[in-house]
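Please read the structure below before turning to the comments.
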Amino acid sequence: MRAIIEQMAGQLADVPGVVGVMLGGSRARGEHRPESDWDLGVYYRGDLDLAALRESAGPEVEVAGPGGWGPWVNGGAWLRVDGVAVDWILRDLDRVERVWADCREGRYEVGVQAGHPLGFWSPCCAGEVALGRVLADPAGELASLQAQTATYPEPLRGALTAGAWEAEFLVGGAAKGAARGDTLYVSLCLSRAVGVLVQALYAHDRRWCLNEKGALTVAARLPAAPEEFERRVRNLLGVAGESAGALVETVERARALVEETVAALRG
């Protein structure tokens with residue numbers, strides 16, 4: 001299968017507009033399971049020849065052009081090769097480089113994006129390059145960018161760590177929702193608060209966080225994570241609360257966890 005993927009990457013690199021192809025996801029990081037997808041980041045500049053890309057994918061595959069899947073994930077295709085899932089994910093290299101410049105200055109965005117319930121955090125674009133494996137790179141542009149992203153930017157670390165204040169703000173909002181017995185609002189506030197803390201914990205450890213999948217388990221092992229962080233989070237998010245009293249109790253436990261985490265990040 002790896003030989004097939006490498007051949008596919010070479011063919012994709014021949015599509016006009018494509019700069020190079022990277023293997024991403026769990027397979028690039030060596031954390032995959034036998035059934036894991038093969039994620040190919042297809043990096044392009046300017047006008048991408050969608051007709052050529054669709055021809056490469058085959059007549060049975062629908063290819064979404066830039067913007068077809070949303071503002072951040074952009075576009076791509078889902079293929080099956082010998083029964084194995086292979087995902088093409090389009091990445092505008094000019095935009096990735098702008099995001100990388102922002103990261104070096106300590107700036108980031110969180111955008112609404114289908115498939116990312118806690119939002120798409122822009123540093124992911126740089127992290128994908130840092131943690132990916134270059135498969136096709138005729139001009140050496142991806143390798144050059146990967147070398148740069150190998151060092152986590154200290155300004156970004158500071159910004160994402162400082163951003164943990166939002167978790168405190170969200171818990172305050174959750175407390176008001178709990179008093180009303182508003183289960184949905186409380187659940188959303190607590191989920192996002194945890195997501196913010198996870199991003200801060202990753203950044204504090206100078207580690208790229210690519211998405212929500214599996215992030216809690218990894219974050220719980222990082223040095224700044226409070227003791228039993230994952231178990232405590234699971235208990236919080238697993239309780240919808242059948243009464244206002246139950247919600248209030250859940251929020252207070254969340255407040256304690258947030259305060260403990262923020263203190264560790266600031267210490």
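Note that the structure is predicted; figures quoted are calculated from it, not measured.
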If you define the side chain from C-beta out and look only at heavy atoms, does anything of [X] sit under 4.5 Å from [Y]?
X: Leu156; Y: Pro123; answer: yes
X: Leu93; Y: Leu142; answer: yes
X: Glu166; Y: Arg192; answer: yes
X: Lys176; Y: Tyr185; answer: no
X: Leu184; Y: Leu188; answer: yes
X: Val196; Y: Trp121; answer: yes
X: Val86; Y: Met1; answer: yes
X: Cys124; Y: Asn211; answer: no

Among all residues two or more places apart in sequence or in another chain, which pass the side-chain hydrogen bond (donor to acceptor under 3.5 Å, both in side chains) test with [X]?
X: Asp94; result: Arg45
X: Trp100; result: Gln148
X: Arg54; result: none

(request) State which residues pass salt bridge (Lys or Arg N to Asp or Glu O under 4.0 Å) with Asp137; sequence neighbours excluded, sorted by chain then number. (result) none
Hydrophobic cluster identity match, [X] and [Y], side-chain contacts under 4.5 Å:
X: Leu135; Y: Ile4; result: yes
X: Val129; Y: Val73; result: no
X: Leu118; Y: Val258; result: no
X: Val96; Y: Met22; result: yes
X: Leu210; Y: Val194; result: no

Any Lys/Arg nitrogen of [X] or [Y] sitting under 4.0 Å from an Asp/Glu carboxylate oxygen of the other?
X: Arg234; Y: Glu230; result: yes
X: Arg95; Y: Glu109; result: no
X: Glu6; Y: Arg133; result: yes

(message) Under the rule for ring-ring contact (aromatic ring centres under 6.0 Å, His included), what residues qualify as partners of His116, not counting sequence neighbours?
(response) Phe120
Supply the atom-to-atom distance [X] [atom1] to [Y] [atom2], rounded to the nearest 0.5 angstrom.
X: Glu249; Y: Arg253; atom1: CD; atom2: CZ; value: 5.5 Å
X: Gln11; Y: Met8; atom1: CD; atom2: CE; value: 7.5 Å
X: Phe229; Y: Thr217; atom1: CZ; atom2: OG1; value: 10.5 Å
X: Leu40; Y: Arg91; atom1: CG; atom2: CZ; value: 12.5 Å
X: Leu237; Y: Thr250; atom1: CG; atom2: OG1; value: 10.0 Å
X: Glu228; Y: Asn235; atom1: CD; atom2: CG; value: 9.0 Å

(request) Take Glu128 and Trp208 through the test side-chain contact (heavy atoms from CB on, under 4.5 Å) and record every step on the way to the result. (result) CA-CA 8 Å; Glu128 288 174 336; Trp208 296 104; over 6 Å; no
Measure across [X] and [Y] and return the closest heavy-atom pair with its distance rounded to 0.1 Å.
X: Leu257; Y: Leu236; answer: CD2-CD1, 3.9 Å
X: Ala203; Y: Tyr152; answer: CB-OH, 3.4 Å
X: Val21; Y: Ala9; answer: CG2-O, 3.7 Å
X: Asp49; Y: Val15; answer: O-CG1, 3.6 Å
X: Arg104; Y: Pro153; answer: CA-CB, 4.0 Å
X: Ala215; Y: Cys209; answer: CB-SG, 4.2 Å

(message) Filter on side-chain hydrogen bond (donor to acceptor under 3.5 Å, both in side chains), then keep only pairs touching residues 69-79, sequence neighbours left out; what's left?
(response) Tyr44-Asn74
(message) Atom CD of residue position Glu55 - does it have more than 12 heavy atoms of other residues, nucleotides or ligands inside 6.0 Å?
(response) no
(request) Under the side-chain contact (heavy atoms from CB on, under 4.5 Å) rule, what do Trp165 and Glu168 come out as? Steps first, then yes or no, please. (result) CA-CA 5 Å; Trp165 70 267; Glu168 297 175 298; 4.1 Å; yes
(request) Dump the intermediate steps for side-chain contact (heavy atoms from CB on, under 4.5 Å) on Asp87 and Leu79, then the final yes or no. (result) CA-CA 6 Å; Asp87 300 338; Leu79 299 82; over 6 Å; no
(message) Please check: side-chain N/O of Arg157 versus main-chain N/O of His204, any donor-acceptor pairing under 3.5 Å?
(response) yes
(request) Could you go through the side-chain contact (heavy atoms from CB on, under 4.5 Å) check for Leu145 and Tyr43 one step at a time? (result) CA-CA 12 Å; Leu145 184 58; Tyr43 290 80; over 6 Å; no
